[in-house]
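Side chains are part of it too, since the values below use all heavy atoms of this structure and drop only hydrogens, waters and symmetry mates.
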Amino acid sequence: MPQYNPPLRDMKFVMHEVLNVVDELKNCPAHADVDEDTINAVLEEGGKFASEVIAPLNLSGDAEGCVLDKSTHEVKPPKGFKEAYAQYVEGGWPALSCDPAYGGQGLPVLVNQGMYEMLNSANQAWTMYPGLSHGAYEALHAHGTPEQKTKYLGKLSSGEWTGTMCLTEPHCGTDLGLLRSKAEPQADGTYRITGQKIFISAGEHDMAANILHLVLARLPDAPQGSKGISLFLVPKFLVNADGSLGERNGIYCGGIEHKMGIHANSTCQMVLDGAVGTMVGEPNKGLAAMFVMMNAARLGVGNQSLGLTEVAYQNAVAYAKDRIQMRALSGPKAPDKAADPIIVHPDVRKMLLTARAYAEGGRALSTYVALQLDKSLSSSDEDERKACDDEVALLTPIIKAFLTDNGWIATSHCMQVFGGHGFIHEWGMEQFVRDARINMIYEGTNTIQSLDLLGRKILGDNGAKLKKFGKKIAAFVEEEGTSEAMQEFINPLADIGDKVAKLTTEIGMKAFQNPDEVGAAAVDYLRVVGHMCFAYFFARMAKVALEKQNSGDAFYAAKLSTARFYFAKLLPETATLIRTARAGLKPLMELDEALF
């Protein structure tokens with residue numbers, strides 16, 4: 001069975017030594033009193049819950065899966081899941097970053113982000129049951145009526161009820177403008193909703209007393225396309241005026257998707273048969289309201305792959321230190337044994353270091369984005385709120401796509417370290433690979449994220465958001481440019497920053513002539529920008545590690561080694577990506593489709 005040890009030392013390093021989050025939050029009245037000890041204590045206790053309560057359920061849950069009773073439409077998650085969720089609720093974990101006005105603890109998003117990284121490492125499938133509840137909470141907090149907030153937010157904050165997002169349908173996938181679900185207005189101000197939704201994570205289960213479904217549907221007179229979509233709150237059980245549960249609503253699970261991974265999460269086909277719902281936000285503007293939840297989910301999916309990258313790395317390292325195979329080419333390293341441990345072999349180290357670097361770079365980037373999200377939500381400075389909101393918008397597709405791409409690479413490498421044993425379920429590695437592959441697809445495929453980054457977030461405002469972020473990088477380069485010890489990190493960072501600026505201009509000029517050029521370059525482009533972000537944060541981490549390398553703490557020497565590996569072995573991927581992005585549209589489109 002795979003093991004998991006929460007990476008608390010690295011989490012604290014990123015938060016307190018690199019990002020200085022306590023000082024950064026001083027301008028946020030809601031978080032001005034949060035101190036380092038509080039953050040650390042929460043993470044330490046959260047790590048215990050993740051490693052001791054839900055990690056032991058990961059392997060068994062994957063083997064057991066979920067069971068649908070077709071006669072009652074009820075779904076039973078694997079053994080132990082319901083009991084673990086009860087412990088989660090009892091510990092107050094759902095309320096971490098929720099508004100105190102609705103029973104929340106009011107802690108920063110970045111603390112919740114750290115908690116969820118550990119939960120995802122321990123058991124991604126279990127974590128998805130409460131995971132979407134926070135997105136549902138955020139959507140209602142931003143767009144719900146006072147009555148909806150009073151009736152539902154406290155239940156979501158406590159974890160007594162969970163939430164889902166019901167978007168896609170069998171015929172439309174990501175193109176939600178094609179959805180057909182209908183909402184008929186009723187005399188009492190409610191709506192009767194009919195339709196079918198698919199791929200609904202945690203759509204049905206018995207872990208919570210009620211499930212609040214946020215459902216996209218069309219009013220009878222709605223315009224065609226995405227401008228004719230409204231958002232509705234549809235509870236599994238109707239809620240009486242006094243907050244007690246009423247009769248079963250007309251929304252139920254018609255089937256469970258038999259997926260490649262995350263078997264222990266009930267990914268459901270949901271049928272709405274005249275289900276009663278109330279509108280969230282304004283008519284025909286449901287997609288904008290749902291984007292609050294979708295963006296939270298995209299950050300969450302990046303966090304899922306970060307968690308998988310970390311746990312796969314930990315187990316591959318333990319195996320590589322123990323497994324003996326062949327001798328090092330330079331001579332025996334363990335002469336007292338029949339062969340050397342495989343960690344002495346250069347390519348095994350390359351695979352391990354790739355996973356390690358992608359975990360550490362991903363943790364730095366995702367924590368930074370969570371910090372910007374905290375400031376965008378609660379800074380007392382309006383200009384700071386706007387600037388941070390722009391950064392979150394820019395970096396969200398990178399978090400989702402770059403981290404999940406890297407998670408797929410890292411878990412595959414870690415499975416490879418195990419050799420033939422990597423394919424055996426009991427070791428846990430093949431499950432990490434299967435789970436990681438799904439993360440690249442849902443909540444908007446990584447191609448959709450790439451199109452969003454290049455087409456909407458960058459070219460859509462003539463590069464304004466990217467230029468602002470680029471100025472931060474340029475300022476750091478300028479500040480550290482005279483430090484001889486930093487040259488090995490600063491020079492490649494400055495180089496990739498310049499190349500991103502030139503590539504962006506070049507693609508923008510091509511797209512002006514033919515918009516399809518965006519589609520031809522977007523995936524490669526996002527990966528280049530993702531590497532620029534990682535280079536920036538690895539350089540910042542290296543700066544701190546250099547300052548403290550003589551402290552006697554081996555952590556800093558390890559951080560420098562990982563940073564050097566990243567710059568030498570992973571960042572150079574951008575040379576190929578820039579070249580393929582520049583190759584443009586023609587090689588993709590000149591073959592007649594009849595000849596495929």
> What residue pairs, at least two apart or across chains, pass salt bridge (Lys or Arg N to Asp or Glu O under 4.0 Å) with a residue in residues 118-135?
Replying inline: none

>> Strictly distance-based, threshold 3.5 Å: is any side-chain N or O of D35 a donor or acceptor partner for the main-chain N or O of I39?
In response: no

>> Walk me through whether L233 and L140 qualify under side-chain contact (heavy atoms from CB on, under 4.5 Å).
In response: CA-CA 9 Å; L233 176 60; L140 285 174; 4.3 Å; yes

> CZ of F199 to CD1 of I438: how many Å apart, nearest 0.5 Å?
Replying inline: 10.0 Å

>> Testing the basics here: between C98 and P94, what is the closest heavy-atom pair and its distance to 0.1 Å?
In response: SG-O, 3.6 Å

>> As an exercise, state the distance from CD1 of I256 to OG of S266, rounded to the nearest 0.5 Å.
In response: 6.0 Å

> What do the steps show when you test Y252 against E74 for side-chain hydrogen bond (donor to acceptor under 3.5 Å, both in side chains), and what is the final call?
Replying inline: CA-CA 8 Å; Y252 58 87; E74 294 178 350; over 6 Å; no

> Salt-bridged, K76 to D69, with N to O below 4.0 Å?
Replying inline: no

>> How close do E36 and V22 get, counting heavy atoms only, and between which atoms?
In response: N-CG2, 3.6 Å

> Between D389 and R385, is the closest basic N to carboxylate O distance under 4.0 Å?
Replying inline: no

> Could you state the interatomic distance from CG (L178) to SG (C172), rounded to the nearest 0.5 Å?
Replying inline: 6.0 Å

> Between N284 and K227, is there a donor-acceptor pair closer than 3.5 Å when you use the side chain of the first and the backbone of the second?
Replying inline: no

>> Quick one, N40 with H16, criterion side-chain hydrogen bond (donor to acceptor under 3.5 Å, both in side chains). Give me CA distance, side-chain angles, the key distance, then yes/no.
In response: CA-CA 10 Å; N40 291 348; H16 306 309; 2.8 Å; yes

> Say you draw a straight line from OG1 of T145 to OH of Y152; how long is it, rounded to the nearest 0.5 Å?
Replying inline: 8.5 Å

>> Does this structure show an ion pair linking R192 with E184, if we count only N-O contacts that are shorter than 4.0 Å?
In response: no

>> Any carboxylate oxygen within less than 4.0 angstrom of a Lys/Arg side-chain nitrogen, looking at K12 and E44?
In response: yes

>> Between E443 and K400, does any side-chain N to carboxylate O distance fall below 4.0 Å?
In response: no

> Which atom names give the shortest non-hydrogen contact between S51 and P56, and what distance separates them?
Replying inline: O-CD, 3.6 Å

> Which heavy atom in G228 sits nearest to a heavy atom in R218, and how many Å separate them?
Replying inline: O-NH1, 3.2 Å

> Which class fits the ring pair F49 and Y88: parallel under 30°, tilted 30 to 60°, perpendicular over 60°?
Replying inline: tilted

>> Aromatic contact between Y129 and Y85, with the criterion being ring centroids under 6.0 Å apart: yes or no?
In response: no

> Are E24 and K375 within salt-bridge range, i.e. N to O under 4.0 Å?
Replying inline: yes

> Got a salt bridge between E382 and K386, using NZ or NE/NH1/NH2 to carboxylate O under 4.0 Å?
Replying inline: no

> Parallel under 30°, tilted from 30 to 60°, perpendicular over 60°: which one fits the rings of Y102 and H141?
Replying inline: perpendicular

>> Whether R363 and E117 form a salt bridge (side-chain N of Lys/Arg under 4.0 Å from carboxylate O of Asp/Glu) is what I want to check.
In response: yes

> If you look only at pairs with a residue in residues 286-303, which of them pass as a salt bridge (Lys or Arg N to Asp or Glu O under 4.0 Å), with sequence neighbours excluded?
Replying inline: none

> Where is the tightest heavy-atom contact between P130 and T127, given as atom of each residue plus distance?
Replying inline: CD-O, 3.2 Å

>> Ignoring hydrogens, what is the shortest heavy-atom contact between M118 and G46? Give both atom names and the distance.
In response: CE-C, 4.0 Å

> In Å and rounded to the nearest 0.5 Å, what is the CG to OG distance from N303 to S366?
Replying inline: 5.5 Å

> Quick one: CZ on F237 to CD1 on I251, what's the gap to the nearest 0.5 Å?
Replying inline: 12.0 Å

> CZ of R9: more than 12 outside heavy atoms within 6.0 angstrom?
Replying inline: yes

